[in-house]
Amino acid sequence: MAQAAAVAKPPAPPGRRRASATPRRLPYLLVAPAALLMLGFIAYPVLSVFYYSLQNYNPTKPWRNGYAGFDNFVHAFTTDPQFWGTLTFSAKWVVVEVGLQLVFGLALALIVNQTFVGRAVGRALVFSPWAVSGVLTSAIWVLLYNSQTGITRYLADAGIGSYGTSWLSDTATVFPAAIVADLWRGVPFFAILILADLQSVSRDLYEAAEVDGASRVQQFRHITLPHLKDAIVLSTLLRAVWEFNNVDLLYTLTGGGPAGETTTLPLYIANTSVDAHNFGYASALTTVAFVILLFCSIVYLRLSKFGGGNK
C-alpha cells in the first residue's frame with residue numbers, strides 16, 4: 001500500500017487540465033463562426049420553403065393568404081396540367097444531357113490524356129467553355145441561332161434550308177438546338193474530372209496488359225473503366241442535379257417555349273414565383289423537386305455502390 005501510494009501521481013491541477021483540453025477544441029472553435037454563418041444561409045431558406053409550401057402566399061392577393069395544409073401538393077399532383085409535363089421534360093432533359101456529356105467528356109479526357117505536340121494548348125481549348133458563365137453561354141448561342149446572322153443564314157446561303165428559319169422557335173428543332181448549346185459548356189466538366197482521375201492510373205498496369213497481349217479495348221474495359229468508376233458516378237450525379245436545376249440557359253434561349261416544349265420543373269417554378277407571384281405553390285413545387293432529387297440521388301448511389309471499390 002505504501003509503495004502504491006508513493007508511485008501514484010497526484011491529480012493534475014484544474015488549470016492544467018483545461019489547458020490540455022483547449023488545443024483539442026481550438027480547431028472547432030475557429031471554424032464555428034463560419035459554420036454557423038453557412039448554416040444560417042442554408043437552413044433558413046430551406047426551412048422557409050418548407051413553411052411556405054404549406055401556405056397560400058401571394059403578395060398581390062393578400063386576402064387569400066393563409067394556411068393551406070397540403071392543398072398545394074394535391075393541386076400539383078391532381079389538377080395542375082403543367083406539372084407532369086414539366087417533370088417529364090425535366091427527366092428527358094437530364095437523361096439526354098448527362099448521357100451525351102458523359103460520352104463526349106470521356107472521349108475528350110482520353111484524347112487529351114495522350115502525349116502529343118501542343119497538348120497544353122489543346123487542354124486549355126477543351127476546358128475553356130466551362131469557364132464561361134451560363135448567361136454568357138446562352139447569349140453566345142442565341143447569336144449563333146439567330147435567323148438573320150446565325151448558323152441558319154449561312155446554311156441557307158449554301159442551299160441548305162431556307163432563310164429566316166429559327167431553330168429555337170420550331171418545336172421539331174428546339175430540343176436538339178438547346179441540347180447542343182448546353183453540351184458545349186457541360187462536356188468540359190466531365191473531361192476535367194475524368195482526366196484528373198485518369199492521370200492517377202499507373203502506367204505499369206497498361207504495360208503489363210500489353211505484355212499479356214491485351215488490346216486497347218480490353219485495357220479500356222478492364223483497367224480504365226474500373227478505375228474511373230467513382231469519378232464517373234460522382235460527376236454524373238453532380239451534373240444530373242445541376243441539369244435538373246438548369247434555368248439560366250433554357251430561360252435565355254427559349255423562355256420555356258415554343259408552346260412550353262422546353263419548360264423544365266425548375267423553370268416552371270421560377271415562372272410561378274417571379275411572374276405569377278404565387279410563392280406558396282412555387283414553394284410546394286420546390287419541395288417536390290427536392291424530394292425527387294434526394295430520392296433519386298440515394299437510389300443512384302446505392303445501385304452504383306459508390307465508394308465500394310473497383311471490384
Side-chain angles (χ1 to χ4, degrees), residues 38 42 90-116 118-134 137 179-212 214-246 248-249 264 266 289-290 292-311:
M38 291 182 61
I42 295 174
S90 297
K92 176 183 175 182
W93 173 264
V94 169
V95 171
V96 174
E97 270 294 344
V98 175
L100 291 177
Q101 288 178 20
L102 172 61
V103 172
F104 289 118
L106 177 60
L108 276 178
L110 292 173
I111 292 173
V112 298
N113 191 47
Q114 304 299 317
T115 302
F116 56 88
R119 183 174 69 170
V121 177
R123 287 182 175 181
L125 292 175
V126 167
F127 301 152
S128 58
W130 181 245
V132 182
S133 67
T137 299
I179 288 291
V180 171
D182 200 45
L183 279 177
W184 180 78
R185 185 168 181 262
V187 167
F189 170 79
F190 281 96
I192 293 171
L193 292 183
I194 293 175
L195 177 63
D197 208 26
L198 271 175
Q199 294 179 329
S200 65
V201 182
S202 175
R203 297 300 307 173
D204 296 339
L205 296 175
Y206 293 103
E207 293 174 0
E210 289 179 1
V211 171
D212 291 339
S215 64
R216 288 292 184 90
V217 175
Q218 290 174 327
Q219 293 177 29
F220 175 76
R221 179 182 176 184
H222 297 288
I223 298 177
T224 306
L225 275 184
H227 186 86
L228 295 177
K229 175 196 168 187
D230 283 350
I232 290 176
V233 170
L234 180 60
S235 58
T236 301
L237 177 61
L238 291 176
R239 196 61 189 164
V241 173
W242 289 338
E243 288 297 342
F244 184 88
N245 292 317
N246 191 335
D248 51 359
L249 185 135
T264 59
F290 170 79
I292 292 174
L293 287 177
L294 180 62
F295 174 78
C296 292
S297 299
I298 294 174
V299 171
Y300 179 69
L301 290 176
R302 293 294 297 272
L303 292 178
S304 63
K305 298 179 181 179
F306 176 73
N310 299 327
K311 296 179 181 181

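Values below: every heavy atom of this structure, side chains too, minus hydrogens, waters and symmetry copies. For clarity, every value in this text was computed on a predicted model and none was experimentally measured. By convention here, the first residue in the shown sequence is residue 1.
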Checklist outcome for this item: CG (L108) and CZ (F127) are apart, to the nearest 0.5 Å, by 8.0 Å

Item to check | Minimum heavy-atom distance W184-P188, with the two atoms named | outcome: O-CD, 3.6 Å

Item to check | Minimum heavy-atom distance Q114-R119, with the two atoms named | outcome: O-CD, 2.8 Å

Checklist entry - Quick one: does S297's side chain get under 4.5 Å of L237's, heavy atoms only? => result yes

Item to check | E97 versus L183, closest heavy-atom pair with distance | outcome: OE1-CD2, 3.7 Å

Checklist entry - side chain to side chain contact (heavy atoms under 4.5 Å, CB included) between L110 and I194: does it pass, once the steps are laid out? => result CA-CA 8 Å; L110 292 173; I194 293 175; over 6 Å; no

Checklist entry - Do F190 and T236 have side chains that get closer than 4.5 Å, going by heavy atoms? => result yes

Item to check | Nearest heavy atoms of F189 and S235, plus distance in Å | outcome: CE2-O, 3.6 Å

Next on the checklist: Taking A109's backbone N and O only, do any of them form a donor-acceptor pair with N113's side chain (distance below 3.5 Å, no angle check)?
Outcome noted: no

Item to check | CA sep, side-chain torsions, deciding dist, call: V299, R302, side chain to side chain contact (heavy atoms under 4.5 Å, CB included) | outcome: CA-CA 5 Å; V299 171; R302 293 294 297 272; 5.8 Å; no

Item to check | Evaluation steps, side chain to side chain contact (heavy atoms under 4.5 Å, CB included), between D182 and Q101 | outcome: CA-CA 9 Å; D182 200 45; Q101 288 178 20; 3.6 Å; yes

Item to check | Heavy-atom pair of closest approach, residues I223 and L205 | outcome: CD1-O, 3.6 Å

Checklist entry - Roughly how far, to the nearest 0.5 Å, is the OG atom of S133 from the CG atom of L249? => result 10.5 Å

Item to check | Donor-acceptor contact present, side-chain Q219 to main-chain A214, <3.5 Å | outcome: yes

Checklist entry - Could you walk me through whether W130 and V187 pass the side chain to side chain contact (heavy atoms under 4.5 Å, CB included) check? => result CA-CA 8 Å; W130 181 245; V187 167; over 6 Å; no

Checklist outcome for this item: Rounded to the nearest 0.5 Å, the CG atom of L228 sits from the CG atom of L198 at a distance of 4.5 Å

Checklist entry - Which distance, rounded to the nearest 0.5 Å, do you find between the CZ of F244 and the CG of L293? => result 5.0 Å

Next on the checklist: Return the CG to CG distance between L106 and L195, rounded to the nearest 0.5 Å.
Outcome noted: 11.0 Å

Checklist entry - Which heavy-atom pair separates Y300 from I232 by the least distance, and what is that distance? => result OH-O, 4.4 Å

Checklist entry - How many angstroms lie between CG in D197 and CG in D230, if you round to the nearest 0.5 Å? => result 8.0 Å

